[in-house]
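These notes concern the structure reproduced below.
In what follows, chains carry the letters A, B, and so on, assigned in the order in which the sequence lines appear, proteins first and then strands, with residues in each chain numbered from 1.
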Amino acid sequence: MIGFAAQCYQLVSKIPKGKISTYKEIGLTLNTKAYRSIGRIMAKNPHLIDVPCHRVVKTDGYIGGYALGMMKKIELLQDEGLIIKNNRIVNYKNYMFYFIAKH
DNA sequence: CCGGTGACTAGTC
DNA sequence: GGACTAGCCACCG
């Protein structure tokens, strides 16, 4: 059986390099409002390498948290070409990746 | 801007 | 196996 966590991991793993998504999007895609659950699952991420959860940020483009610390998360994102300022992704909307089509 | 509330899962006890 | 707790959030006042 595919658990909730597995679905999250699967979605996140589909985010292309240089792109980001939000916890909300994942929630919408999985048709749930369990935003916090998603965060908790990521925090316990047993697939830290396989699942690039550093590409998942808050709805406002703020970094949020990361198992290895926000600094590490920022590093990884910057390494993919994103610009981070004050813990926030500059022009994050340009990098947004939607799992489902939005108008 | 801060605090409280909501919704949901996986772990732990 | 039931109950409790924590969590990388979102939204509203």
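Residues A:Leu76 and A:Met96 are members of separate hydrophobic clusters, defined by side-chain heavy-atom contacts under 4.5 angstrom among Ile, Leu, Val, Met, Phe, Trp and Tyr.
Each of A:Thr22, A:Leu11, A:Ile26 was compared with A:Ile38 under the side-chain contact (heavy atoms from CB on, under 4.5 Å) criterion, and only A:Ile26 meets it.
One can place CE of A:Met70 at 16 Å from P of C:dG7, the figure rounded to the nearest angstrom. A straight line from CD1 of A:Ile38 to P of C:dG7 spans 17 Å, rounded to a whole angstrom. Rounded to an integer number of Å, the gap from OH of A:Tyr62 to C1' of C:dC11 is 16 Å. With rounding to whole Å, A:Asn31 atom CG is found 16 Å from C:dA10 atom C1'. Nucleotide C:dA10 holds its P atom 7 Å from the CG atom of A:Asp60, rounded to whole Å. Rounded to whole Å, atom P of C:dA6 lies 18 Å from atom CD1 of A:Ile41. Across the protein-nucleic acid pair, A:Lys58 atom NZ and C:dC11 atom P stand 11 Å apart, rounded to whole Å. C:dC9 atom P lies 16 Å from atom CG of A:Leu28, rounded to whole Å.
A:Lys73 comes within 4.0 angstrom of a nucleotide base, judged by non-hydrogen atoms across all strands. Within the 4.0 angstrom heavy-atom criterion, only backbone atoms of the sugar-phosphate kind lie near A:Ala5; the bases stay farther away.
Nearest heavy-atom pair across A:Ile15 and A:Ser21 is CD1-CB, 3.7 Å. Nearest approach of A:Gly18 to A:Leu82, heavy atoms of both residues: O-CD2, 3.6 Å. Residues A:Ser13 and A:Val51 share a closest heavy-atom pair of N-CG1, 4.5 Å. Nearest approach of A:Met42 to A:Tyr9, heavy atoms of both residues: SD-CE2, 4.1 Å.
Listed candidates were B:dT9, C:dA10, C:dC11. Nearest to the side chain of A:Phe4 is B:dT9.
In this structure, the side chain of A:Arg88 engages the main chain of A:Asp60 through a donor-acceptor pair within 3.5 Å. The backbone N or O of A:Ile63 lies less than 3.5 Å from a partner atom in the side chain of A:Lys73, making a donor-acceptor pair.
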Table of protein N/O atoms under 3.5 Å from nucleotides 5-7 of chain B N/O atoms:
from: B:dG6; atom 1: O6; to: A:Arg36; atom 2: NH1; distance (Å): 2.9

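Take the nearest nucleotide of DNA chain C for A:His54 and for A:Lys24: the residue whose nucleotide is more 5' is A:His54.
One finds no salt bridge joining A:Lys19 and A:Glu80 here, because no Lys/Arg side-chain nitrogen approaches an Asp/Glu carboxylate oxygen to under 4.0 Å.
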Whenever both distances are under 3.5 Å in a Watson-Crick or G-U wobble pair, mark it; put DNA chain B into dot-bracket that way, with [ ] for crossing pairs and | when the partner is on another strand. .|||||.||||||
